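Every value quoted in this text rests on a predicted model; they were computed, and no experiment measured them.
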Amino acid sequence: MLYKRILPFIIGLLTIPALINAQVTTSSLTGTVKSADGEDLVGATITAIHQPTGTRYTTVSRQGGQFNIPNMRSGGPYQVTITYVGYTSDTYDNLNLQ
């Protein structure tokens, strides 16, 4: 008799994790920084700002001028600024991440 009351409760508890399964909604920005001559710029600073929230993501380019900013908010728009000593900075507006 007690099993008839407890069994639906236990089944309900076991189905809750399947119903509240959260989706991960992060993205990343990856690229290569090069000079106008095609030279890889190692040590360039890349800053991405999520315009609606003001969240700032920053990284530095590594060997080959490559950079990666993981765990960014999906969507946008983002403003991305690249700076390197001795060069003028470049800014890219209205970038959106998938």
Side-chain angles (χ1 to χ4, degrees):
M1 197 59 115
L2 186 59
Y3 292 116
K4 288 182 181 180
R5 290 185 181 169
I6 294 177
L7 188 60
F9 181 72
I10 292 174
I11 291 172
L13 286 177
L14 294 175
T15 59
I16 287 176
L19 296 175
I20 59 172
N21 186 12
Q23 298 288 326
V24 176
T25 56
T26 59
S27 191
S28 64
L29 182 64
T30 304
T32 304
V33 181
K34 295 183 181 259
S35 68
D37 300 333
E39 176 186 352
D40 298 333
L41 297 180
V42 178
T45 302
I46 299 92
T47 304
I49 301 172
H50 186 247
Q51 296 296 311
T53 62
T55 305
R56 181 181 300 262
Y57 304 90
T58 303
T59 191
V60 177
S61 62
R62 51 189 188 277
Q63 186 174 0
Q66 298 177 351
F67 69 91
N68 182 38
I69 305 175
N71 300 321
M72 297 175 71
R73 290 174 172 252
S74 295
Y78 279 91
Q79 179 185 53
V80 178
T81 304
I82 302 169
T83 57
Y84 190 76
V85 176
Y87 289 85
T88 58
S89 63
D90 282 335
T91 301
Y92 302 91
D93 292 313
N94 297 320
L95 297 177
N96 291 296
L97 301 178
Q98 295 292 325

Discussion item. So Asn96 and Pro77, do their side chains get closer than 4.5 Å, heavy atoms only?
Written reply: yes
Practice prompt. Measure across Ser74 and Thr26 and return the closest heavy-atom pair with its distance rounded to 0.1 Å.
Written response: OG-C, 3.7 Å
Worksheet item: Does a side-chain heavy-atom distance below 4.5 Å link Tyr87 with Leu41?
Response: yes
Worksheet entry | From OH (Tyr84) to OG (Ser61), nearest 0.5 Å | 7.5 Å
Discussion item. Tell me whether Ile82 shares a hydrophobic cluster with Met72, the cluster being built from Ile, Leu, Val, Met, Phe, Trp, Tyr side chains joined at under 4.5 Å.
Written reply: yes
Worksheet entry | Value rounded to 0.5 Å, distance of OG1 in Thr30 from CD in Gln66 | 9.5 Å
Discussion item. Test of understanding: clusters of I, L, V, M, F, W, Y form through side-chain heavy atoms closer than 4.5 Å, transitively. Do Tyr92 and Tyr57 belong to the same one?
Written reply: yes
Worksheet, complete the sentence: Nearest heavy-atom contact between Ser28 and Leu97 is O-CD2, 4.1 Å
Item to complete: Is it possible for you to say whether Ile69 and Val80 belong to one hydrophobic cluster, with membership spreading through side-chain heavy-atom contacts below 4.5 Å?
Response: yes
Practice prompt. For residues Gly65 and Val42, report the shortest heavy-atom separation together with the two atoms involved.
Written response: N-CG2, 4.2 Å
Worksheet item: Going from OG1 on Thr55 to OH on Tyr78, what distance comes out if it is rounded to the nearest 0.5 angstrom?
Response: 7.0 Å
Response to the item:
Minimal heavy-atom distance between Pro52 and Gly76, with the atoms involved, is CG-O, 3.8 Å
Worksheet item: Side-chain contact, heavy-atom cut-off 4.5 Å: Asn68 with Thr59?
Response: no
Practice prompt. Could you state whether Val60 and Ile46 fall into the same hydrophobic cluster, counting links through intermediate Ile, Leu, Val, Met, Phe, Trp or Tyr residues with side-chain heavy atoms under 4.5 angstrom apart?
Written response: no
Worksheet item: Knowing that exactly one of Thr91, Thr47, Asp93 qualifies, which makes a side chain to side chain donor-acceptor pair (under 3.5 Å) with Gln79?
Response: Asp93
